There are 2 protein chains.
Amino acid sequence: MSTTKKTVVADYLRDALARGAYRPGERLPGEEELAEELDVSRATARLGMRILQDEGRIAIQVGRGAFVANHRPITHLAEPVAADGDSGSLESGYSSRLRQAGHGDVDERVRVSLDTMRPRVAKRLVNGPEQQSPNAGLVVIRASEHLVDGGLWQTQITYFPFSIANNTALMTPEHLAGGIAGTLRALGFHEEWNRDLVGARMPSQEEADAFGLGPGTPLLVQERVSYEGQRPLRFTETFMPANRHQLLYTGGDAPENLPVVDTDLSIFEH
Amino acid sequence: MSTTKKTVVADYLRDALARGAYRPGERLPGEEELAEELDVSRATARLGMRILQDEGRIAIQVGRGAFVANHRPITHLAEPVAADGDSGSLESGYSSRLRQAGHGDVDERVRVSLDTMRPRVAKRLVNGPEQQSPNAGLVVIRASEHLVDGGLWQTQITYFPFSIANNTALMTPEHLAGGIAGTLRALGFHEEWNRDLVGARMPSQEEADAFGLGPGTPLLVQERVSYEGQRPLRFTETFMPANRHQLLYTGGDAPENLPVVDTDLSIFEH
DNA sequence: CCACTCAGCTTGTTGGTACAAGCTAAGTTG
DNA sequence: CAACTTAGCTTGTACCAACAAGCTGAGTGG
């Protein structure tokens, strides 16, 4: 049997939330209050609340209390690189959708560095047998952090083979007009196709701190490698808190007069 | 400062893992042992281990101990519905890749039911203004559970408009030869294009129990709606433990002689 | 009236104790 | 030899107590 006291607490809260007893953003009863209400110790009430936190249903803040979690993920259009628009890997209409969702103050911080390929990068950027040029093992690393309302929103790290990015605008630590895709095109490279690997995992302590995440919020990870023919042009990894981001892929031949995407769709609906 | 004792424990373990002091699958020191080693109470050692568990780095089993987590996600080729193959939404080469990864004994359990649309299903299957046929609000629900080595591996729920699935093979609770895609084609429907929504969230208690997940393992969620022109044919939601699944999308015009996908790629590499 | 301090709330951390529950392997019994 | 029991390990639950740390708003002082 698993009807322990902490699960009683958890069920009590889950029920209350399902009934809509508290509105999104509203404060829930505290540990002490809950403990007295259900006749358990504070430690047990705490464990029960932790379950709800792990499920991502509530957000607990030190000194303030527990609040009903409010998941309103922004939907990213994950268009293929070959698309007409000047979209980066996730950029199309990005800030406009953010603003639409009630956010403002979108900022970007870019750092550029040069380093030797780590194995996992080489696995994605090196094509077949090792190329034997002197700089074959070098990559230009372009790390950008997107800040929204002053908080870290998503991070993106793009790796370019040295032979592609050396002495180009890709090495300037500033926002690129037209994005990475547009800059590559201007340099004469054609991103013809791409492969995206999408998964999720829990954030490390560092990542959780950087994004300001409590336990119970996974990280959505998108890896994109774009190619010209067989040649990899770049490898981009994007890290997004899963409670604020979801990806939209379109496959097959969509009709011309495609209805506007209902950005209200969310995997968090019940 | 956040160098609490429990984070000392967590850092100690994280370092040991990063150094490779323990091999994947190997047992770590227990709570008691760790507590004595680092001169903390068992409660504190426990909290420290919990952090590593939340990060998905270790898996703790009652009565046995803590073990180095072994994330070897299966990569699903998320092909568009229009692809030639007889793939379902995630099915192409599925069981062969599973077998390749050292698993066997793949099984499927199907349940079929008929119900009125809940709002979130209607949002995806109803196109524009409400259709006024008597059975407009009905959906055929086809829920399938994939079992691997006796354990629940992924679950899939597909919703068909009643007008499409009524009195067809789609209502039989058996494995469909050719998958859902093939069956729809045989019925004269053409899945021309699709939209996939991909996100992640923490599992509910029920889901965690069903999948056998401890805390620290998110759920990867894929929602796919396929269309013939403007008409939605089906809505499929797939739930996968994120430590065992990742999705691969290909965009743009890939060359003919596409090199075999390196199924070794994983977002969990460091 | 603005800025600051601080009391009093909240959650976080740490220690302790005791017992329950799950697992394994050694030993016992038929 | 096979099946069962059980001792001894592990993690899980539950309680208590005390103090730390973060937040808020009331009150004070300039």
Side-chain angles (χ1 to χ4, degrees), chain A residues 1-13 22 25-69 150-151 205 208-209 212-217, chain B residues 1-13 22 25-69 150-151 205 208-209 212-217:
Chain A
M1 199 63 61
S2 72
T3 51
T4 57
K5 287 200 176 184
K6 71 169 188 178
T7 63
V8 170
V9 176
D11 292 345
Y12 174 85
L13 289 174
Y22 306 94
E26 194 177 342
R27 186 174 176 283
L28 297 167
E31 296 176 355
E32 204 87 52
E33 195 177 342
L34 206 54
E36 189 167 359
E37 176 87 15
L38 300 178
D39 193 36
V40 296
S41 71
R42 187 191 146 202
T44 303
R46 185 178 173 74
L47 287 174
M49 298 181 72
R50 174 67 187 250
I51 293 176
L52 274 283
Q53 190 185 29
D54 281 351
E55 293 178 3
R57 296 179 199 270
I58 67 177
I60 302 178
Q61 294 173 38
V62 194
R64 305 227 310 132
F67 300 82
V68 182
Q205 190 87 56
D209 290 346
L213 306 175
T217 309
Chain B
M1 199 63 60
S2 73
T3 51
T4 57
K5 287 200 175 185
K6 72 171 189 178
T7 63
V8 170
V9 175
D11 292 344
Y12 174 85
L13 289 174
Y22 306 94
E26 195 177 340
R27 188 176 174 282
L28 297 167
E31 295 176 355
E32 204 87 53
E33 194 177 342
L34 208 52
E36 189 166 0
E37 176 87 14
L38 299 180
D39 192 36
V40 295
S41 71
R42 188 192 148 204
T44 303
R46 186 178 173 74
L47 287 174
M49 298 181 72
R50 175 68 189 253
I51 293 176
L52 273 284
Q53 190 186 29
D54 282 350
E55 292 179 3
R57 298 179 198 269
I58 66 177
I60 301 178
Q61 295 174 39
V62 193
R64 304 228 312 132
F67 300 83
V68 183
Q205 190 89 56
D209 290 347
L213 305 175
T217 309

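Residue numbering restarts at 1 for every chain, and letters A, B, ... go by the order of the sequence lines. The model shown is predicted, which means the values in this text are computed figures rather than measured ones.
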ask   = Rounding to a whole Å, what distance do you find between B/Arg50:CZ and D/dT13:C1'?
value = 13 Å

Among D/dT11, D/dC16, C/dT14, the nucleotide that comes nearest once only the side chain of B/Lys5 is considered = C/dT14

inquiry  = With side chain to side chain contact (heavy atoms under 4.5 Å, CB included) as the test, pick out the partner of A/Gln205 among B/Leu52, B/Asp54, B/Ile51.
reply    = B/Ile51

request  = Consider the side chain of A/Glu31, meaning its heavy atoms from C-beta on, and name the nucleotide among D/dC16, C/dG12, D/dT13 that approaches it most closely.
outcome  = C/dG12

message = Using 0.5 Å steps for rounding, measure from the CG atom of A/Leu47 to the OG1 atom of A/Thr7.
response = 11.0 Å

query = Between C/dT24, C/dG12, C/dT14, which one does the side chain of B/Arg64 approach most closely?
reply = C/dT24

query = In whole angstroms, how far is the C1' atom of C/dT14 from the CG atom of B/Leu38?
reply = 15 Å

query = Is there a donor-acceptor contact under 3.5 Å from the side chain of B/Arg27 to the main chain of B/Arg64?
reply = yes

message = Rounded to whole Å, how long is the line connecting atom CZ of A/Arg46 with atom P of D/dC15?
response = 15 Å

note = Checking D/dC15, D/dT11, C/dT13 against the side chain of B/Ile60 (C-beta onward), the nearest is D/dT11

message = By the 4.0 Å heavy-atom rule, please label A/Leu47 as base, sugar-phosphate, or nothing.
response = nothing

note = Testing D/dT11, D/dA18, D/dC15 for proximity to the side chain of A/Thr44, the answer is D/dC15

request  = Take the protein atom CD of A/Gln205 and the nucleotide atom P of C/dG12, then report the distance between them rounded to whole Å.
outcome  = 13 Å

ask   = For the side chain of A/Arg42, counting heavy atoms from C-beta on, which of D/dC16, C/dG12, D/dT11 is nearest?
value = C/dG12

request  = Looking at every strand, decide which applies to B/Arg27 at a 4.0 Å heavy-atom threshold: base, sugar-phosphate, or nothing.
outcome  = sugar-phosphate

message = Looking at B/Thr44, is its backbone amide N or carbonyl O close enough to the side chain of B/Ser41 to form a donor-acceptor pair, meaning the two atoms are under 3.5 Å apart?
response = yes

ask   = Counting side-chain heavy atoms from CB outward, which of D/dT13, C/dT14, C/dT24 is closest to A/Lys6?
value = D/dT13

task = Could you state the atom-to-atom distance from CD of A/Glu36 to P of D/dC16 in whole Å?
result = 12 Å

inquiry  = For A/Glu55 and A/Arg50: C-alpha separation, side-chain torsions, deciding distance, then whether side-chain contact (heavy atoms from CB on, under 4.5 Å) applies.
reply    = CA-CA 9 Å; A/Glu55 293 178 3; A/Arg50 174 67 187 250; over 6 Å; no

ask   = Among the nucleotides D/dT13, C/dT14, D/dG22, which one has an atom lying closest to any side-chain atom of A/Val62?
value = D/dG22

ask   = Expressed in angstrom and rounded to an integer, what is the separation of A/Glu32 atom CD from D/dC16 atom C1'?
value = 12 Å

task = Please state how far atom CG in A/Leu34 lies from atom P in D/dA14, giving the value in whole angstrom units.
result = 14 Å

key: Nucleotide nearest A/Ser41 when distance is taken to its side chain, options C/dT13, D/dC16, C/dG15   = D/dC16

ask   = Given atom CD of B/Gln53 and atom P of D/dT10, what is their separation to the nearest angstrom?
value = 18 Å

